[in-house]
Amino acid sequence: MTKTDPSTDRAPMTESVVTGLPPERIREQRRRRNAFRKPVTSVLRHVFLITAAVLMLYPVIWMVVSSFRPTELIFRDAGLVFDSFEISNYVEGWEALTYPFNVYLVNSGLVVIGSIIGNLVSCSLAAYAFARLEFTGKRFWFAIMLLSIMLPIHVIIVPQYVLFSQLGWVNTFLPLIVPKLLATDAFFIFLMVQFIRGIPRELDEAARIDGAGHPRIFLQIILPLMVPALATTTIFTFIWTWNDFFSQLIFLTKPGLYTVPLALNAFQDAQSSTDFGELFAMSVVSLIPIFLIFLFGQRFLIKGIATTGIK
Amino acid sequence: MSALGELRRVKGQPVSRQRKQNKAAFLFLLPWFIGLALITIGPMVASFALSFTRYNLLSPPRFIGFENYVRMFEDERLHKALAVTFQYVFISVPLQLGLALLLAIVLDRGLRGLSLYRSAFYLPSLLGGSVAIAILWRQLFGVDGLVNVVLGWVGIEGQGWISNPETALGTLMVLNVWTFGAPMVIFLAGLRQIPVMYYEAASVDGANRRQQFRHITLPMLTPIIFFNLILQLIGAFQSFTQAFVVSGGTGGPVDSTLFYTLYLYQQGFTSLNMGYASAMAWLLLVIIAALTAINFWASKYWVFYDDQD
C-alpha cells in the first residue's frame, strides 16, 4: 500500500467511534475485504486507470516535448519521444514580444505576491472574528460573506472599472491587489473559519486568563496554529492569480505591464500560424510555477478542496 | 451559539464584555467591511443603477429607463450567447461530474498507487484555466493538430475542429470535462466518510457489489454530488478565458463559442456599452441565482442526508 495522507484517511477513526472497535481492527477488516477481490479485476482496474491517466496527460506532455522541436516538425509528430532537443524556441520565444519574457514573469510575480499577502492578512483577521468573537449581527454578516463567495465578478466589474479608472489605477497593479487586502476573496475567510473552529477554545481561554487581549490571542495562539490553512490559502491564491486572465485583461492594457497570461495571449494573436515552437515554449514556461506548486503543495491542495468541499 | 448568548444574558454578565467583543470584532472585520462596501456592495448597487442608463465612460451616464432590458429581447447575439452558454454548461458539467464520480469510485479504497493516480487526474484541474492550455487546445484541435494526426492513424479524415462552427463549442466542452480532477478529489473524500460497517452489514445480508453501490454508496454520496453540481454549474456559467483565447476574443466561428461572459466583455469593454453590459451582468446573476434556487428546491427529492451522525 502506498503512503496515505493520515489526515484524509480519517474514516477508520470516525468509524471506530461509531462501532467501538479500535481503528487498527477496522483497517484490518478493510484490508481483508480488499484481499477478497479477484486479482483479475484489480489488474483491469490498473489498466483502465493507467490508460485514462496517459490520455489525460498526453496533450500536456506532448506540448513540452514539442517545445523542443523545430516548428516545422511539431505537427508531423504526435509522439512523445525526445527526438530533438532544440532550445532555440525558448531563446527566441523569450525575446519575441515587445519586452523580454522575464518582464511578464516579474509582473505576474508582483501581482501574485501582493494578492497572497493581501489574502493572508485580511482573510485571517476576518476569520478570527467569525470563528472566535461574539458580536451583534454575526449570523447576518456570516451569511453575507458566504453569499459573496458565489457572486460572479462580472456583476461588479463595470462599476469597479469606473471606480478604479477615476482613481487613476488602470494600468497599475492596484486594482488587482487592493481588493485582496480588503478580503474580497471570501472563500479563504470561509476556509480559515473552518480551520479555526477546529482549534481548541481552551487555548484561548488560558491566554485570556493570563491577560492576553484579542490581538495577542490572534497573533500568538491562533495564527501559529493555523499555518496549514495559511499554506492552503497561499497555494490557491498563487494558482488562481497566476492563471487569472479576465481582470488582468481589463485593468492592464500597456504591454510593459502585461502579466504572463496577457503576454501569451498577445503572442498568440501576433503569431497567427507561424512559430508554434516558440509559442509552446513560452506556454511551458508559464506552466512551470503551477507545476512546481503542484509538486510541493499537493498535500495542502487536496486537503483544501476536500475539507471546504465537505463541511 | 445563540443558546450560549441567552445564558449569558440570564446570568447577568457585565455588558462591557459584550461591548468589548463588538469593538474587537469590528476592528478585525474592518478590512472586510471596507471591501464589502467599496468593492462588492457599492459596485453591485452602481451596476444596477447603470443598467438603466446609457454610459460609455466618456460622457456621464444618461437615464434611459428599461431600454437596455428591452433591447435584450431583440438582441440576436445575446440569444446566441445564452444558447451557447446553456449548451456548454448543461452538457459539459454532467459529463465532467460523471467522469469524476466514476474515477473516484474506481480509485476508492485500498488501491495500490492511489495517490499517484489522484495526482495525475488532478493536475489538469490546476492547468485548465490557464491561457497556455487554451493555446494548446487551439493547436490540438486545429486542422493539422494532434487530434487529426491521431485520427489519421486509424484512417479517419480529420477536420478543423476549432474553425468549424459545428464542433468549436465541443472542443471547449472537452476542455471542461478534462478538468474533472477537482470534483473527483471531493468525491474521494466523500467516499471515505461512508462507514465500512454499512457495506459489511450489506454483505452479511447477501447484497452484491452492484446492489451495495446502488443502495449505499450512491445515496450516501448525494450531498457531495449536490455540492459539486452547484459549484461546477456556477463556475461553468462564468467561463471566459478558454473561449476568449481559442476564438481570439471574437467568440467565433459564427459566434459558436460566444460565451455569455465573452459577449458581456465585448459589450462593456470593447464597444463601451457599459449600461448594457451592466444589465447583462444582472441577467447573469438572476440566471445563476435562479438555477441555484431550483437546485436547492430539487435537492429535497434526491439528496439524502444521513441523520445518524
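Quantities reported herein were computed from a predicted structural model and do not represent experimental measurements. All chains are named by letter (A, B, ...) in the order of the sequence lines, taking the proteins before the strands, and each is independently numbered beginning at 1.
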- Within a strict 4.5 Å, meaning less than it, do heavy atoms of the H154(A) and Y260(B) side chains meet? no
- Message: So Q139(B) and L279(A), do their side chains get closer than 4.5 Å, heavy atoms only?
- Response: yes
- Contacting moiety of Y128(A), where chain B heavy atoms sit under 4.5 Å: side chain
- Query: Should F121(B) and L49(A) count as side-chain neighbours, where that means a heavy-atom distance under 4.5 Å?
  - Reply: yes
- Query: Could you give the distance from NZ (K23(B)) to CG (L133(A)), rounded to the nearest 0.5 Å?
  - Reply: 13.0 Å
- Task: Using non-hydrogen atoms and a 4.5 Å limit, figure out which bit of W240(A) sits close to chain B: side chain, backbone, both or neither.
- Result: neither
- dist I133(B):CD1 -> L287(A):CG (nearest 0.5 Å) comes out at 5.0 Å
- Task: State the CG-CE distance between L231(B) and M150(A), to the nearest 0.5 angstrom.
- Result: 8.5 Å
- Note, F246(A) side chain near T241(B) side chain (heavy atom, < 4.5 Å): no
- Message: With a 4.5 Å cut-off on side-chain heavy atoms, are I290(A) and S130(B) touching?
- Response: no
- Minimal non-hydrogen separation, P152(A) against L284(B), with atom names: CB-CD2, 4.2 Å
- Gap separating the CG atom of L123(B) from the CD atom of Q298(A), nearest 0.5 angstrom: 8.5 Å
